[in-house]
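All residue numbers in this chain count up from 1 along the given sequence.
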Amino acid sequence: MPGKTQLDRVVIRFAGDSGDGMQLTGDRFTAETAALGNDLSTLPNFPAEIRAPQGTLPGVSSFQVHFADHDVLTPGDAPDVLVAMNPAALKANLPEVPRGATIIADKDEFSTRNLSKVGYATNPLEDGSLESWHVHPVALTSMTVEALAAYPSLTRKEKERAKNMFALGLLSWMYSRPTDGTRAFLQGKFGAKPDILGANLAALDAGWNYGETTEDFVSSYEIAPAPMASGTYRNVTGNTALSYGLVAGAHRAGLQVVLGSYPITPASDILHTLSGLKRYGVMTLQAEDEIAGIGIALGAAFGGKLGVTSTSGPGVALKSETIGLAVSLELPLIVVDVQRGGPSTGLPTKTEQADLLQAMYGRNGEAPVPIVAPCSPTDCFDAAVEAVRIATTYRTPVMLLSDGYLANGAEPWQLPEIAELPDLRVDFASGPNAEDAKGAPVFQPYLRDPNTLARPWAVPGTPGLEHRIGGIEKADVTGNISYDPDNHERMTHLRQAKIDGITVPDVEVIDPSGEARLLVLGWGSTYGPIAAAARTARANGVAVATAHLRHLNPFPANLGGVLRDYEKVLVPEMNAGQLAMLVRAKYLIDAQSYARVRGVPFTTAELVEAITALAG
């Protein structure tokens, strides 16, 4: 009987064909891990093709989960355990698996035909090429089929589809994960199909029992729960957290959410999530295209709702004209850009941060827009609430920049108390706000709040508040059409001053030693890798400070002073150096760009190397 070994952390990667259910397997393992109280971070990785040829390298799908008894900042640089469901999964992932790690492979799939598909001349499970790893060839497919002999109504192919549950059962045994949540999930998913339900449950049990009875594994493992603040937690992805943040922010503002959206990877789950929240007053409309989606959202904003549109980089390009219209109309609108690899169609399922300059400048004319960027999957909730605050307070469209890594990644989230969220109640215009030349009360649609420079939000149909609307330049205060040169310049400067005057928190610096000469400045999803790398560098004796930006337009008021406090500034980002260019231009400092555009997050190791080299 194998014993149990205590570990403080582990990184597991499930990999197989895109039809092998690796995302579901990883998701269920993650959910059970979260239920045990471990801190965790995940990295789903799947092809953009609907169905690449079976057993080929382009069709490999993987799901990596890093869980520990302490604070987890990244999904892990490399897996300690690789579960490879076929030769393609092994070949695609082996370069990232360190020697000495564990490989569990479905030996049934290592046939001559499958090996030849990916260029293996011999079977790597048998030719000694994997002797530097701990390899466990397991007959996952045949044992799954054998375990389902009691289900004659299912074909062999249908039985083979349950092998992901066998693998999940085995890994659940190996790492002392419960399976109750997975059983409940399967009951909910297949309750109306008794044989399919029974087969999946039987495969799950067979995998667990195999681990418990085989002599192939010398030990199972336990990872203690991570210390966390008391409260109610749930496992959440960035897209789900962002959706909930929009609803919570709208609730605190007393507004109804109206989402106009066109499905696009990796933002589609926002539409899916919000469409299931009708009971909270959420209205979703799936438009025929990107332009129609934002048109719906802006029309809803004109009608007194919280207008939201969700998309990715290519969709932002299509929406740019209507974003400019929203700037001119000065109405609250939230544009969610879940960034992905570009240009054009680019890498639809891979992550990138290359839309920053598009968010900042991607419109005709002088059309400034505030930009908010979450730093983690759970921070997507708070960033969405912040976007609601800015949009409604300052009457402006807001760009909310998530990315594919945050959108699909998951981590434990402590549910906030609603009463602790900011009060965002909106005061709509209800009557005249000025007098005409004769002293009669009138409504001036562009008479600004002296503190925020926001114009009144007048809901159509309110008696006495009739006013012109449109994209042609407006006269200051009256909103009448104006071609006057001086008025256009005044309106241009007013719109810019409104954005520049948005109140945002100061950027915080983490410098434990107080002796750092190097500052690492990040934004968005680079937070985890930068924090993990700084932690490692400090443990190695390198003095380094870090700062992270949530607000990219306007920048925090203290950012310039912070940057000038350090001799060197390093800016890692998943683009060609866009933030570095912005801070160089604005603050005239020699910020050093560390730019990678590979479609995957930074690793801790590469950032430690970059930090150490520059600090030295």
Going through the distances and angles, do D355 and R340 end up as a salt bridge (charged side-chain N to carboxylate O under 4.0 Å, His left out)?
CA-CA 9 Å; D355 294 349; R340 71 189 204 185; over 6 Å; no

Any chance OH of Y527 has more than 12 other-residue heavy atoms, nucleotides or ligands included, within less than 6.0 Å?
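Atom OH in Y527 is not packed in, count stays at 12 or less.
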
Inspect the surroundings of CD in E609 and state if more than 12 heavy atoms from other residues, nucleotides or ligands are less than 6.0 Å away.
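No.
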
If we count only N and O atoms by modelled type, under 3.5 Å, do the side chains of [X] and [Y] hold a donor and an acceptor together?
X	Y	result
T182	E32	yes
Q23	S61	yes
E411	T378	yes
T237	T240	yes
S261	S310	yes

Do the side chain of [X] and the main chain of [Y] share a donor and acceptor less than 3.5 angstrom apart?
X	Y	value
W133	P98	yes
H66	T74	yes
D269	H272	no
S312	V338	yes
D17	D20	no
H551	I371	no
T603	E606	yes
N93	A84	no
Q592	D590	yes

Partner of F29 under ring-ring contact (aromatic ring centres under 6.0 Å, His included), chosen from F185, F67, F63:
F67

Mind checking whether F602 and Y594 have ring centres under 6.0 Å apart?
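Judged by ring-centre distance (under 6.0 Å), F602 and Y594 do meet the cut-off.
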
Is the centre of the H251 ring less than 6.0 Å from the centre of the Y280 ring?
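Ring centroids of H251 and Y280 are no less than 6.0 Å from each other.
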
Determine, step by step, whether W413 and F381 satisfy the ring pair (Phe, Tyr, Trp, His ring centres under 6.0 Å) criterion, reporting the C-alpha distance in whole Å, the side-chain angles of both residues, the deciding distance to 0.1 Å, and the verdict.
CA-CA 10 Å; W413 175 47; F381 177 90; 5.1 Å; yes

Consider side-chain contact (heavy atoms from CB on, under 4.5 Å). Of I334, L424, V398, which one does I390 pass it with?
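The side-chain contact (heavy atoms from CB on, under 4.5 Å) with I390 is passed solely by V398 among I334, L424, V398.
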
Option from K350, Q64, R13 for which side-chain contact (heavy atoms from CB on, under 4.5 Å) with N45 holds
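Between N45 and the candidates, side-chain contact (heavy atoms from CB on, under 4.5 Å) is satisfied uniquely by K350.
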
Which residue is it: R177, R9, H70? I am looking for the one with a side-chain hydrogen bond (donor to acceptor under 3.5 Å, both in side chains) to N38.
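Going through R177, R9, H70 one by one, the side-chain hydrogen bond (donor to acceptor under 3.5 Å, both in side chains) with N38 is satisfied by R177 alone.
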
Charged N to carboxylate O below 4.0 Å: is that the case for [X] and [Y]?
X	Y	result
E573	R596	no
E352	R598	no
D71	R535	yes

Between V236 and P377, which heavy-atom pair has the shortest distance, and what is it?
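Result for this residue pair: O-CB, 4.3 Å.
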
Classify the ring geometry of Y587 against F555: parallel below 30°, tilted from 30° to 60°, perpendicular beyond 60°.
tilted

Applying side chain to side chain contact (heavy atoms under 4.5 Å, CB included) to E567 and not counting sequence neighbours gives R517

Verdict with supporting geometry, L246 and L274, side chain to side chain contact (heavy atoms under 4.5 Å, CB included):
CA-CA 9 Å; L246 291 171; L274 288 175; 4.3 Å; yes

